[in-house]
Amino acid sequence: MNTPFIRNHQFNFIKKQIKTLQNACTTVSDLKIVESVRTGVLTAITELFPHATEEQKQLLEQCATTKTAVEFQQYIDSLVPYLEEFTPVTDQQLKKLFPKIKKLKLPDLNEVDYRYTTYLGWSDVASSRRFLAYHLNGKLVGVEGRITPANKKTICFVCNRLEEVALFTAITKSKPANASPDYYKAIGQYMCLNSATCNGNVTDTGKLEKFIEDVTSTVYKN
């Protein structure tokens, strides 16, 4: 039985590393350089999974012998059964995340492939609002805010790729102890307009998790 252990962003990272190795095998004639790249790729991949079982290590380390385009694709395909899904959610769960939004526009969850999902993101164009759902520390959390299209390509803070983005601005829940009733603090980041594209690019969740923590935390931070 295949026990899932590879999250979407880790799978994207592995694919990126394999692309680097494949490029070296294709374009570099010096075998020492190729083997150096192979060692670096293998190390980068295995370091993603410090608690991997022996069986999982053997699976990941199969890239050590790949040389042809067919073999590289076979390696990537061999990892798909081990993808750990974003825990599926229901419409009702999403509504509970945003109780103040009376007419919440929901994504079509039937169209979501949870294997290739790091976060759920969708927009309500009519209200210029953006919604995120993410499993943080074992709990499903939501963030909503306003989007302002950038009308140009720039770097998305989540996936770190040059894409069509919008400025996503959310109001934090945290307040200083002596804050006035009308105090608020907004946090804005450029984020992919297309969540599927972003989920297909993201290789690290650090910046996304920090953003969500900063917005949802009720503890004031200087």
query = Got a donor-acceptor contact below 3.5 angstrom from the Asn12 side chain to the Thr203 backbone?
reply = no
Pair Gln56, Tyr82: side-chain N/O donor-acceptor within cut-off below 3.5 Å = no
message = Quick check: closest heavy atoms across Ala170 and Phe211, and the distance to 0.1 Å?
response = CB-CZ, 4.3 Å
inquiry  = Working to the nearest 0.5 angstrom, can you tell me the gap between Tyr134 OH and Glu209 CD?
reply    = 3.5 Å
query = Do the charged groups of Lys95 and Asp91 touch, with an N to O distance under 4.0 Å?
reply = no
query = With the 4.5 Å side-chain cut-off for hydrophobic clustering, are Leu132 and Ile187 part of the same group?
reply = yes
Single-linkage hydrophobic cluster Val80~Ile6, side-chain heavy atoms < 4.5 angstrom = yes
Separation between CG of Leu79 and CD of Gln62, rounded to the nearest 0.5 Å = 8.0 Å
query = Is Val89 close to Val112 at the side-chain level, that is, under 4.5 Å between some pair of heavy atoms?
reply = no
query = Do the side chains of Gln22 and Val41 get nearer than 4.5 Å, heavy atoms only?
reply = no
inquiry  = If you compare all heavy atoms of Ile45 against all heavy atoms of Leu60, which two are closest, and at what distance to 0.1 Å?
reply    = CG2-CD2, 4.1 Å
query = Taking the inter-plane angle between the rings of Phe98 and Trp122 on a 0 to 90° scale, is it parallel (under 30°), tilted (30 to 60°) or perpendicular (over 60°)?
reply = perpendicular
message = I need the Lys67 NZ to Phe72 CZ distance, nearest 0.5 Å.
response = 10.0 Å
query = Heavy atoms, side chains only, cut-off 4.5 Å: are Glu61 and Thr46 in contact?
reply = yes
task = Rounded to the nearest 0.5 Å, what's the gap from NE2 on His135 to CG on Leu140? Could you check?
result = 5.0 Å
key: Residues that Arg38 engages under salt bridge (Lys or Arg N to Asp or Glu O under 4.0 Å), provided they are two or more places apart   = Glu35
task = Give the minimum heavy-atom separation between Pro4 and Leu83, together with the two atoms involved.
result = CB-O, 3.4 Å
key: Distance-only side-chain donor-acceptor flag, Thr117 / Asn199, under 3.5 Å   = no
ask   = Val143, Met191: one ILVMFWY side-chain cluster at the under-4.5 Å cut-off?
value = yes
Over all atoms of both residues, closest heavy-atom pair of Pro88 and Gln93 = O-OE1, 4.0 Å
remark   = Separation between CZ (Arg130) and CG (Leu167), nearest 0.5 Å, reads 12.0 Å
task = Return the minimal non-hydrogen interatomic distance between Ala150 and Tyr190, and the atom names on each side.
result = CB-CE2, 3.9 Å
Co-membership, hydrophobic cluster, residues Phe49 and Phe13, 4.5 Å side-chain = yes
request  = Treating Ile, Leu, Val, Met, Phe, Trp and Tyr as nodes and any side-chain heavy-atom pair under 4.5 angstrom as an edge, say whether Tyr75 and Leu48 lie in one connected cluster.
outcome  = yes
task = Please round to the nearest 0.5 Å and tell me the distance separating atom CD of Glu54 and atom CG of Leu59.
result = 12.0 Å
ask   = If you count the non-hydrogen atoms of other residues, nucleotides and ligands that lie under 6.0 Å from CZ in Arg161, is the total more than 12?
value = no
query = Do you know which two heavy atoms are closest between Asn8 and Thr118, and how far apart they sit?
reply = ND2-OG1, 2.9 Å
note = Only one of Leu106, Ile147, Ile101, Leu94 passes side chain to side chain contact (heavy atoms under 4.5 Å, CB included) with Phe131, and that residue is Ile101
message = Does anything in residues 103-113 form a salt bridge (charged side-chain N to carboxylate O under 4.0 Å, His left out)? List the pairs, not counting sequence neighbours.
response = Asp113-Arg115
message = Please determine whether the number of non-hydrogen atoms from other residues, nucleotides or ligands lying under 6.0 Å from atom NZ of Lys15 exceeds 12.
response = yes
message = Under a 3.5 Å distance rule, please check whether Thr68 uses its side chain to pair with a backbone N or O of Glu71 as donor and acceptor.
response = yes
